[in-house]
2 protein chains.
Amino acid sequence: MTQFAAPQFVSPSAASTVLDVARLANVSASTVSRILNGNARVSPDKREAVEEAIRKLKFRPNLSARSLRSRSTKTIGILTQDLESPYFTGGTKGIEQGLLGSGYAPLVVPGHWNLAEELDRARLLISRKVDAMIILGGTLGDDHIAEMAQQQPIAVTGRHLVAANVYSFHFDQVAGGRMATEHLISLGHKRIAHITGPVTHSDAVERKEGYLQAHANARLSVDPRLIVEGDYVEEGGERAINSLLDSKVPFSAVFCANDPTLWGARLALHRRGIEVPGQISLVGFDDMPQSMYMTPPVTTVRQPMHQMGQVAAQAVLRALGLVDMESYPLPSLNLVVRETTASFDL
Amino acid sequence: MTQFAAPQFVSPSAASTVLDVARLANVSASTVSRILNGNARVSPDKREAVEEAIRKLKFRPNLSARSLRSRSTKTIGILTQDLESPYFTGGTKGIEQGLLGSGYAPLVVPGHWNLAEELDRARLLISRKVDAMIILGGTLGDDHIAEMAQQQPIAVTGRHLVAANVYSFHFDQVAGGRMATEHLISLGHKRIAHITGPVTHSDAVERKEGYLQAHANARLSVDPRLIVEGDYVEEGGERAINSLLDSKVPFSAVFCANDPTLWGARLALHRRGIEVPGQISLVGFDDMPQSMYMTPPVTTVRQPMHQMGQVAAQAVLRALGLVDMESYPLPSLNLVVRETTASFDL
DNA sequence: ATTGGCTGTGAAATCGATTTCATGATTTTT
DNA sequence: AAAAATCATGAAATCGATTTCACAGCCAAT
């Protein structure tokens with residue numbers, strides 16, 4: 001990598017203020033402010049002069065000052081978990097899109113699945129006086145969220161929480177797990193393994209519950225040796241498949257708790273020369289963008305995080321009094337069948 | 001999806017201020033401020049009382065007020081392009097890590113590869129009085145950046161820019177293109193196709209230049225029919241491979257201008273039953289996280305965006321006067337050979 | 001002609017913290 | 001023991017915008 005450093009430090013040129021503008025335009029600061037906000041009548045000639053001065057001075061209002069006085073930062077805080085994971089970036093992008101044109105800007109901070117850090121970041125957002133907050137998943141307690149909602153409206157995804165000033169949205173993870181498993185069952189699979197997510201994630205245990213329910217509904221027994229714990233990332237999927245294979249317990253399909261788990265599993269299978277879906281069928285969860293371009297493209301339960309983000313953005317906007325906006329439909333989970341699953345014939 | 005709305009709106013409970021704390025602790029606001037910032041001696045008993053009051057009132061300082069007075073927001077603005085693309089999220093995460101423990105928080109805004117939008121977002125960051133700015137790629141003109149650098153230090157990646165108060169970092173894209181192509185040539189390939197990026201991206205044209213140079217160095221002629229334009233996303237890769245194959249011009253390897261292009265190409269090849277790397281070798285560019293888990297894992301030129309982000313963060317931190325921090329090594333491009341390339345034997 | 005209602009404008013108050021300044025108390029120095 | 005230096009602290013000024021308030025000028029209604 002090549003680096004080019006600045007020759008020397010230059011002290012920042014002082015930014016101009018309303019007062020500078022006022023002086024140049026021969027009006028008072030109040031008039032400048034009125035023109036900036038367009039909420040009062042001002043004579044056309046003064047308006048002209050002020051606009052000219054603003055242009056000349058390249059004036060940009062100081063948002064700290066503005067929000068100190070007007071108690072609105074026009075900012076929505078987003079507490080996400082991982083800045084890199086497609087699951088969260090999908091949601092973030094949806095929020096950003098939902099906010100588009102509303103005049104509100106997103107402020108994104110990562111919590112890293114760590115309670116202390118999440119709490120700290122959330123408080124940072126409150127300190128910054130965000131007008132509303134959107135929490136994507138995470139491990140914050142319901143009581144914490146309810147308490148923070150006293151300061152500003154909060155939309156939260158991935159949980160069901162009834163409290164004043166909070167709007168919660170979530171997908172039915174049990175139903176998702178059921179869907180994935182039922183698809184496999186309908187293809188004739190009888191010995192279906194499951195690589196779970198971390199037991200600390202409630203959605204992981206719900207997906208497993210769905211896997212169990214699907215078996216019960218079909219009056220199929222589940223072999224506990226076929227359930228192995230993963231960690232929601234690729235390595236866990238590889239490890240799990242290898243231990244499954246090494247245990248010699250037979251199975252013809254695997255329901256992976258999320259897509260990265262499936263990717264890891266798929267690579268391990270490839271390394272061992274086992275064909276997908278020829279010998280083993282695979283179903284994932286999340287439908288992350290890359291899943292569509294795997295070889296072969298993966299069958300997975302789609303979580304429309306993008307739309308979820310839009311809906312969450314919309315909810316807080318509405319809570320802030322912006323009612324005149326197009327309404328996005330509430331999305332739901334759905335199975336997208338691609339090519340990692342095939343019917344099982346004895 | 002299930003939605004749960006708040007029963008009714010509750011007016012936010014007023015946040016407490018230094019004055020509230022001061023009153024409760026029987027001291028002046030100045031004393032509270034001194035304790036908050038720890039920059040002056042205060043008697044232990046008052047400190048105790050104030051800390052108690054802070055806890056009791058759940059006091060959090062208003063950052064708008066603080067930054068208005070102290071002229072520092074403790075925030076670094078990050079202008080990225082796409083909140084979802086691994087290339088940018090890698091850099092963002094690196095920055096976040098580089099900022100860790102410095103007391104500065106990142107504020108991320110997306111520019112969407114659109115000049116007007118980038119300019120608008122950059123101005124937003126300036127309005128918010130970020131202490132420094134990091135620009136990841138994008139289409140802003142050098143002059144714009146130099147001008148904005150008068151307000152605060154700026155680190156910019158993906159270009160070479162010498163100006164006061166700006167720090168620029170970039171990888172040598174020509175060398176990267178050369179590396180990828182030389183690898184293929186060293187494996188015995190003679191007819192190497194190239195799927196380019198958009199001609200509007202300077203790094204795309206530089207990568208192509210590297211491809212050309214590698215051929216020249218090896219005294220190999222390049223068949224212009226083997227160079228086809230892509231768009232840096234999967235669809236373009238698919239399209240390009242199909243048109244290449246349909247043209248019947250023979251080739252045994254493809255240098256794809258970035259990893260998503262390769263993913264698209266790889267899928268198209270799979271659909272046509274062509275084996276990778278058995279029949280066609282593929283080299284990508286970027287080493288995005290998923291590339292490692294494709295089937296087979298992809299050979300690609302690694303751009304360590306993560307480290308680039310760390311270095312950029314470090315540069316601005318240093319510009320802001322934080323000199324006492326561990327120094328990350330400057331990363332460089334390197335070829336990571338995995339399994340989409342094989343030697344070509346007639 | 002007088003009262004009443006608008007309208008455009010500037011002066012001053014305000015938001016909540018930090019920082020400067022002044023002061024009285026305490027400690028150190030000579 | 002007197003002078004000097006240091007310390008802890010509160011009052012007041014300050015950051016840059018918005019907002020309230022007061023008022024002068026103007027038009028219309030009585």
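When reading the values below, keep in mind they use all heavy atoms of this one structure, side chains included, and skip hydrogens, waters and symmetry mates. Fair warning: this is a prediction, and the values are worked out from it, not measured in the lab. The sequence lines fix the lettering, A, B, ..., with proteins before strands; numbering per chain opens at 1.
- When DNA chain C is scanned in the 5' to 3' direction for atoms under 4.0 Å from non-hydrogen atoms of chain A, the outermost contacting nucleotides are dG8(C) to dG16(C).
- Residues V27(B) and L68(B) both approach DNA chain D. Their nearest nucleotides, taken by heavy-atom distance, put V27(B) toward the 5′ side.
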Each nucleotide N or O in nucleotides 4-8 of chain D that has a protein N or O under 3.5 Å away: list the pair and distance.
from: dA8(D); atom 1: OP2; to: R41(B); atom 2: NE; distance (Å): 3.2

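- No donor-acceptor pair closer than 3.5 Å links the side chain of E48(B) to the backbone N or O of P44(B).
- With no hydrogens or angles considered, no side-chain donor-acceptor pair links T89(A) and E84(A) at under 3.5 Å.
- Across all strands shown, S30(A) has heavy atoms under 4.0 Å from base atoms, whether or not it also approaches the sugar-phosphate.
- Residue contacts shown for T31(B) are limited to sugar-phosphate atoms, with no base heavy atom under 4.0 Å away.
- Under the 3.5 Å distance criterion, the side-chain polar atoms of N62(A) are matched with a main-chain donor or acceptor of S64(A).
- Residue-to-nucleotide proximity on DNA chain C shows that, of R34(B) and S64(B), the 5′-proximal contact is made by S64(B).
- Without hydrogens or angle criteria, S33(A) side chain to A29(A) main chain gives no donor-acceptor distance under 3.5 Å.
- Screening I135(A), L125(A), V108(A) for a side chain to side chain contact (heavy atoms under 4.5 Å, CB included) involving I78(A) leaves a single residue, V108(A).
- For Q310(A) (side chain) and G98(A) (main-chain N/O), no donor-acceptor pair under 3.5 Å exists by modelled atom type.
- Side chains of S67(A) and R128(A): no donor on one and acceptor on the other come within 3.5 Å.
- Panel note: side chain E118(B), backbone T139(B); a donor-acceptor pair is recorded below 3.5 Å.
- Using a 4.0 Å heavy-atom criterion, one finds that S33(B) contacts the bases of the nucleic acid, with or without backbone contacts as well.
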